[in-house]
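Each remark here refers to the structure printed beneath this line.
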Amino acid sequence: MYESVVEADGVAGLDHPVLAAGKSMRSPGLDAAITAFTDVGGTIGMPVLALAVMGVLAYRRRSWTPVILIVTAGLGSLLMTIAGKRLIGRTRPDLSDAVPPYEHSASFPSGHSLNAIVVAGIVAYLVILRLKTARSRILAGAAAAVFAAAMGLSRVYLGHHWLTDVLAAWALGAAWLALVITAHRLYLTVRKRRARGEVPAGTAPGAVAPKAGRA
């Protein structure tokens with residue numbers, strides 16, 4: 001993705017056509033609605049939403065797990081966004097192609113898109129842990145995916161990001177989300193094995209306890 005952006009070829013060739021398609025669908029009412037929606041994923045809306053969900057989940061479960069996972073996932077997402085923008089410094093689409101209010105920070109990757117997939121994904125994961133049926137789990141995962149997809153596409157529609165900014169953000173977000181969830185699953189596995197006496201205390205996650213020798 002980065003090479004396509006730098007060399008202006010490959011998937012980056014879709015940036016201008018997709019932006020033009022978004023512009024062709026604009027109307028005052030739709031612009032206002034999508035602007036309101038994308039504000040949810042902004043620097044104010046997303047932290048407020050994440051903190052609210054985190055508080056509710058932590059209170060209902062009487063557990064620090066939602067706090068640890070959401071804070072870890074959110075901070076990682078934020079750091080990747082800041083680092084990516086500073087390292088690459090890509091310019092956004094022209095202001096003439098964008099819907100106000102305008103944004104002036106670097107374009108790659110899309111912070112809204114990255115934060116949306118990470119926060120929505122980790123919240124969906126925490127909810128899925130307590131759901132009993134496969135159908136409800138699928139619905140929770142689908143809701144998170146639709147939210148993240150809509151947030152990313154809204155950025156292109158408004159002319160605030162190129163398509164490749166959003167695709168890169170989705171890829172980074174999905175990778176970070178997978179890493180956080182995998183780490184938590186390993187922790188749960190080791191904790192369960194320790195409770196059963198299968199893993200000695202102090203064993204690193206993922207390590208296998210040695211088999212006892214014959215007497």
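Quick caveat, the model's predicted, so the values are computed rather than measured.
- Put simply, the side chain of Arg86 never gets that close to the backbone of Ala106: no donor and acceptor are under 3.5 Å apart.
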Requested in this report: In sequence, state the C-alpha distance, the side-chain angles, and the governing distance for Arg60 and Arg130, and then conclude on side chain to side chain contact (heavy atoms under 4.5 Å, CB included).
Outcome: CA-CA 11 Å; Arg60 293 189 62 181; Arg130 293 302 180 94; over 6 Å; no
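- What you find for Ser154 and Thr38 is that their closest heavy atoms are OG-OG1, 3.5 Å.
- Taking 4.5 Å as the limit, some side-chain heavy atom of Val123 sits within range of a side-chain heavy atom of Ile70.
- Residues Met80 and Ile82 do not share a hydrophobic cluster, defined by chaining ILVMFWY side chains whose heavy atoms lie under 4.5 Å apart.
- For Arg92 (side chain) and His160 (main-chain N/O), a donor-acceptor pair under 3.5 Å exists by modelled atom type.
- Here the closest non-hydrogen pair linking Leu78 and Asn115 is N-OD1, 4.0 Å.
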Requested in this report: Any chance you could lay out the side chain to side chain contact (heavy atoms under 4.5 Å, CB included) test for Val119 and Leu49, step after step, and finish with the verdict?
Outcome: CA-CA 9 Å; Val119 174; Leu49 179 63; 5.7 Å; no
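- Of the possible donor and acceptor atoms, none in the side chain of Ser77 sits under 3.5 Å from a partner among the backbone N and O of Ala73.
- Taking CH2 from Trp176 and OG1 from Thr72, the interatomic distance works out to 7.0 Å, rounded to the nearest 0.5 Å.
- Looking at every heavy atom in both residues, Ile128 comes nearest to Ala140 through CG1-CB, 3.9 Å.
- Counting only distance, with no hydrogens or angles, the side chain of His16 and the backbone of Trp162 share no donor-acceptor pair below 3.5 Å.
- For the residue pair Pro100 and Thr35, the shortest heavy atom distance occurs at O-OG1, 4.3 Å.
- Between Leu158 atom CG and Leu19 atom CG the span is 10.5 Å, to the nearest 0.5 Å.
- Distance check, rounded to the nearest 0.5 Å: NZ of Lys23 to CG of Asp97 gives 3.5 Å.
- The shortest distance between side-chain heavy atoms of His184 and Thr65 falls below 4.5 Å.
- Scanning all heavy atoms of the two residues, the minimum distance from Gly152 to Ser113 falls at CA-OG, 3.2 Å.
- Put simply, the side chain of Lys85 gets close to the backbone of Pro109: a donor and an acceptor are under 3.5 Å apart.
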Query raised in the report: Step by step, would you call Asp165 with Arg155 a salt bridge (Lys or Arg N to Asp or Glu O under 4.0 Å)?
Result: CA-CA 9 Å; Asp165 299 334; Arg155 305 303 289 162; over 6 Å; no
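- No donor-acceptor pair closer than 3.5 Å links the side chain of Thr182 to the backbone N or O of Leu179.
- Atom OG of Ser27 and atom CD1 of Ile34 lie 8.0 Å apart (nearest 0.5 Å).
- Within the 4.5 Å cutoff, no side-chain heavy atoms of Ile138 are placed close to those of Arg135.
- Annotation: cation-pi geometry satisfied between Arg62 and Tyr59 (NZ/CZ under 6.0 angstrom from ring centroid, within 45° of ring axis).
- Put simply, CE on Met54 and CG on Leu126 are 11.0 Å apart, with the number rounded to the nearest 0.5 Å.
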Report task. Under the side chain to side chain contact (heavy atoms under 4.5 Å, CB included) rule, what do Tyr125 and Val180 come out as? Steps first, then yes or no, please. Result -> CA-CA 11 Å; Tyr125 168 69; Val180 172; over 6 Å; no
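- Cluster membership check: Val71 shares its hydrophobic cluster with Trp64, using side-chain heavy-atom separations under 4.5 Å among Ile, Leu, Val, Met, Phe, Trp and Tyr.
- When all heavy atoms are compared, the tightest approach of Leu95 to His104 is CD1-CE1, 4.0 Å.
- Both Met46 and Leu51 sit in one connected hydrophobic cluster of ILVMFWY residues. Membership requires side-chain heavy atoms under 4.5 Å apart, directly or through other members.
- Taking CZ of Phe108 as the start and CG of Leu87 as the end, the distance is 10.5 Å to the nearest 0.5 Å.
- Under the 4.5 Å side-chain heavy-atom criterion for Ile, Leu, Val, Met, Phe, Trp and Tyr, Leu172 and Phe147 are members of the same hydrophobic cluster.
- Under a hydrophobic-cluster definition in which Ile, Leu, Val, Met, Phe, Trp and Tyr are linked whenever side-chain heavy atoms come within less than 4.5 Å, directly or via other members, Ile122 and Leu139 are assigned to different clusters.
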